[in-house]
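The block underneath contains the structure these notes are about, expressed in structure tokens.
Atoms within a ligand are numbered from 1 in the order they appear, just like the ligands themselves. Throughout, numbering of the chain's residues begins at 1 and tracks the sequence.
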Amino acid sequence: MQVAVSFLKSKYSLDETLSKIEDTSCDYIHVDVMDGIYVDNKTPQCKESLSKCVKPLDIHLMCAYPLEYIKYFQDLKPEYITIHLDIKEDLKKVIKFLKSNNIKVGLALKLDQNLQDLEPYLKICDQILVMSVSPGYGGQPFQAEALEMINTLKSQKDNNNYTYTINVDGGINEENIKQVISAGADMVVSGSYVCMSQDYEEKVESLKS
Ligand code: DX5
Ligand code: ZN
């Protein structure tokens with residue numbers, strides 16, 4: 001199980017949080033970017049702090065017009081950039097831009113969205129991000145409906161030899177991780193469970209083992 005840590009909600013300052021995440025055995029830093037349009041919240045500046053990080057970045061754009069954000073974050077050389085299905089730009093064009101810049105493509109699916117809408121993209125995606133909460137805020141409880149979505153995505157992946165990573169974002173903790181794994185997830189995003197704790201590594205370990 002791969003673990004990406006989101007620093008959206010933390011009890012420490014941004015730089016302190018990032019340095020504590022860097023000291024854990026997590027696989028990615030999950031960067032939640034919000035534009036104040038796609039979701040109400042707007043992300044404070046974090047690019048300069050992120051430029052000092054060594055761990056690979058998994059950027060999640062909750063943005064109606066992701067292209068300008070992709071261009072802005074591009075020089076940090078993120079491994080993944082995830083966009084949402086219902087953006088206000090041409091989805092195919094954005095995917096093409098990511099691919100031509102050698103950035104792995106993630107597509108996010110919210111609980112009220114239909115998995116069928118993702119189908120045309122499953123073959124070309126590197127990551128499907130199953131939102132197990134509504135996007136916009138850290139610290140929300142995990143919604144169990146996500147398990148069925150993960151299960152279906154896992155079957156589709158196995159039946160068609162698709163290569164995407166199934167990532168699950170929102171409300172992940174040591175209780176629900178077992179169900180998320182058995183539903184077929186390859187990776188989880190954990191925010192407040194790790195960053196609101198005293199011992200980041202202990203929490204990351206509890207998700208990885
Ligand atoms: C929700 C974000 C998540 C979230 C994770 O909009 O995409 O990445 O902050 O944080 P927790 O684990 O607290 O739900
Ligand atoms: Zn996220």
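Residue Gln140 has no N or O atom closer than 3.5 Å to an N or O atom of ligand 1. The shortest N or O to N or O distance between Ser192 and ligand 1 is under 3.5 Å. Annotation: Ser190 places no N or O atom under 3.5 Å from an N or O atom of ligand 1; distance criterion only. Among the atoms of Met62, none of the N or O lies under 3.5 angstrom from an N or O of ligand 1. Considering backbone and side-chain atoms alike, Val189 places every N or O at 3.5 Å or more from each N or O of ligand 1. Backbone and side-chain nitrogen or oxygen atoms of Gly139 are examined, and one is located within less than 3.5 angstrom of a nitrogen or oxygen of ligand 1. Between Gly191 and ligand 1, at least one N/O pair is under 3.5 Å apart. Considering backbone and side-chain atoms alike, Ser134 places every N or O at 3.5 Å or more from each N or O of ligand 1.
Ring geometry, Tyr200 versus Tyr12: the interplanar angle exceeds 60°, so the pair is classed perpendicular (tilted spans 30 to 60°).
For atom 6 (O) of ligand 1, the closest heavy atom belonging to the protein is Gly136 N, 2.7 Å. For atom 4 (C) of ligand 1, the nearest non-hydrogen atom of the protein is Asp169 OD1, 3.8 Å. Closest to atom 9 (O) of ligand 1 among all protein heavy atoms lies Leu8 CD2, 3.1 Å. Scanning the protein for heavy atoms near atom 14 (O) of ligand 1, the closest one is Gly171 N, 2.8 Å. Among protein heavy atoms, atom 2 (C) of ligand 1 sits closest to Asp32 OD1, 3.4 Å.
Contacts of Lys9 with ligand 1, taken as heavy-atom pairs under 4.0 Å, are absent altogether. Counting heavy atoms under 4.0 Å from ligand 1, residue Met34 does not touch it at all. Contact annotation: for Tyr137 versus ligand 1, heavy atoms closer than 4.0 Å belong to the backbone alone.
Rounded to the nearest 0.5 Å, atoms CD1 (Ile128) and OG1 (Thr152) are 12.5 Å apart.
Of the possible polar contacts, none joining the Ser49 side chain to the Asp15 backbone as a donor-acceptor pair under 3.5 Å is found. When atom types are taken as modelled, the side chain of Asn176 and the backbone of Gly171 share a donor-acceptor pair closer than 3.5 angstrom.
Ligand 1 has Met131 within reach: a non-hydrogen atom of the residue lies less than 4.0 Å from it.
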